[in-house]
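The next block holds one structure in the form of structure tokens; read it before the comments.
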Amino acid sequence: MPELPEVETTRRTIAPHVVGRRIEGVAVYDPRLRWPVPASLPRQLQGQSIAAVDRRSKYLLFRLGAQTLVFHFGMTGSLRVLRTPSPPAAHDHVDVALDDGAILRYHDPRRFGAMLLLPEPVAEHWLLAALGPEPFDRSFDGAYLWRALRSRTAAIKLALMDNRVVVGVGNIYASEALFRAGIRPAVSARRVSRARIGRLVDAVREVLAAAIDSGGSTLRDYVDGGGRPGEAQLRHFVYGREGLPCRICSAPIRMRRLGARASFYCPVCQT
DNA sequence: ATGGGCACCTGGCTGC
DNA sequence: TGCAGCCAGGTGCCCA
């Protein structure tokens, strides 16, 4: 599901509806997520006001003051704002009712997602504490990535998807960024030259920024805070395009598995 | 510390 | 039409 662009698009589409609002009540229809939604959560959330909606990695953070309501969407999670109430459907897990009548509804068929209420500073919670830099942060540059990868023997694509190296890059955008940088996904990370690592930093930023501009990628489940699908999947150069002609050189796109994840590349544009 | 593989769960698609 | 098998955007955890 959601990689950084999808979580960020959700954040942007939801924030105008929820910032400054007070939580009237919470209904949990099915607490079975990656970690069970605590029975005490509705009582703890009731009456709290949402000061801001932030994102860290693929986590969405609703700042409540002393606590933060944290969502992770796993593979199939989505969060949307309902302006007019409707009865919960299959896989709708939680409704958060706001003081203006809007409903924040969490939907997650595969239930790999999470909903947690954590004390501030939430950045120090073990789930977030070991995360690497944000891709748009200044600290994520060629020098940093070179240092982070120079001793890593794993495939460059797997290293790029390692949250300790850089956050937010999942299976779609790892393939897309490596295509843009001209690097084959299976190459050992430490064997990629310093110059190409620099190009990869730019490629990661460009790919993620373009996907955010397109409202994220919708392969199956993803919708933004308004319930709308994204369009970034229409602009993928390699992901999901095995056998189709490369958009640059027309060579057939190839697929191979790395760490059990499908990885797509152009055998001509990437070396 | 790093790497590899599995597990968690549901639904959609393919091929027999 | 039915059904088994495979696959899917993530990541925590176990073992080498």
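Within every chain, numbering begins at 1; the chains are lettered A, B, ... in the order of the sequence lines, protein sequences first and strands thereafter.
When both distances must be under 3.5 Å, the Watson-Crick or G-U wobble mate of dC9(B) does not exist.
Straight-line distance from the CZ atom of Arg190(A) to the P atom of dA1(B): 19 Å, rounded to whole Å. Counting to the nearest Å, the C1' atom of dT11(C) and the CG atom of Leu131(A) are 11 Å from each other. Atom CZ of Arg32(A) and atom P of dC9(B) are 8 Å apart (whole Å). At whole-Å resolution of the value, CE in Met161(A) and C1' in dG4(B) are 14 Å apart. Atoms CG (Asp30(A)) and P (dC9(B)) sit 12 Å apart, rounded to a whole Å. One can place OH of Tyr222(A) at 17 Å from C1' of dA8(C), the figure rounded to the nearest angstrom. With rounding to whole Å, Leu160(A) atom CG is found 16 Å from dT11(C) atom C1'. Between the CZ atom of Phe71(A) and the C1' atom of dG10(C) there is a distance of 17 Å, rounded to whole Å.
Take the nearest nucleotide of DNA chain C for Tyr59(A) and for Tyr239(A): the residue whose nucleotide is more 5' is Tyr239(A). Toward the 5′ end of DNA chain B lies the nearest nucleotide of Ala260(A), the other residue of the pair Ala260(A) and Arg220(A) mapping further downstream. With DNA chain B read from its 5' end, the first of the two nearest nucleotides for Arg110(A) and Asp162(A) is the one closest to Asp162(A).
A distance of about 24 Å separates the P atoms of dC3(C) and dC9(B), rounded to the whole Å.
Arg261(A) has a side-chain polar atom (N or O) that falls below the 4.0 Å cut-off from OP1 or OP2 of dG10(C). For the pair His91(A) and dG11(B), the criterion of a side-chain N or O lying under 4.0 Å from OP1 or OP2 is met. A sub-4.0 Å separation between OP1 or OP2 of dG12(C) and a side-chain N or O of Arg34(A) is absent. For Asn163(A) and dT11(C), the shortest distance from a side-chain N or O to OP1 or OP2 is below 4.0 Å.
Across all strands shown, Thr153(A) has heavy atoms under 4.0 Å from sugar-phosphate atoms exclusively, and none from any base. In this structure, Arg257(A) reaches the sugar-phosphate backbone alone: every heavy-atom distance under 4.0 Å involves primed, P, OP1 or OP2 atoms, never a base. Nucleic acid contact for Asp221(A): base, since at least one base atom lies under 4.0 Å from a heavy atom of the residue.
Candidate nucleotides dG10(C), dG11(B), dG3(B) were compared by shortest atom distance to the side chain of Arg152(A), and dG3(B) ranks first. Nearest to the side chain of Arg164(A), among dT2(B), dG10(C), dG12(C), sits dT2(B). When distances run from any side-chain atom of Trp35(A) to the nucleotides dA8(C), dG4(B), dG12(C), the shortest one goes to dG12(C). Nearest to the side-chain atoms of Leu158(A) among the listed nucleotides dG10(C), dC13(C), dG4(B) stands dG4(B). The nucleotide whose nearest atom lies closest to any side-chain atom of His72(A) is, among dG12(C), dG4(B), dG10(C), dG10(C).
Taking a centre distance below 5.5 Å and an interplanar angle below 30 degrees as the stacking criterion, Phe112(A) stacks against the six-membered base ring of dC8(B). For the pair Phe73(A) and dG10(C), the ring geometry does not qualify as stacking, because the centroid separation below 5.5 Å and plane angle under 30° are not jointly satisfied.
In this structure, Tyr59(A) has its ring center closer than 6.0 angstrom to the ring center of His72(A).
Phe73(A) and Phe71(A) have tilted rings, their planes meeting at an angle from 30° to 60° on a 0 to 90° scale.
With hydrogens and angles disregarded, a donor-acceptor distance shorter than 3.5 Å links the side chain of Ser175(A) to the backbone of Phe264(A). Of the possible polar contacts, one joining the Arg184(A) side chain to the Gln270(A) backbone as a donor-acceptor pair under 3.5 Å is found.
Annotation for Ser214(A) and Arg235(A): closest pair OG-NH1, 3.3 Å, computed over non-hydrogen atoms. Considering every non-hydrogen atom in both Glu134(A) and Ser57(A), the closest pair reads OE2-N, 2.6 Å.
Remark: Arg83(A) CZ is packed, more than 12 non-hydrogen atoms of other residues, nucleotides or ligands lying under 6.0 Å away.
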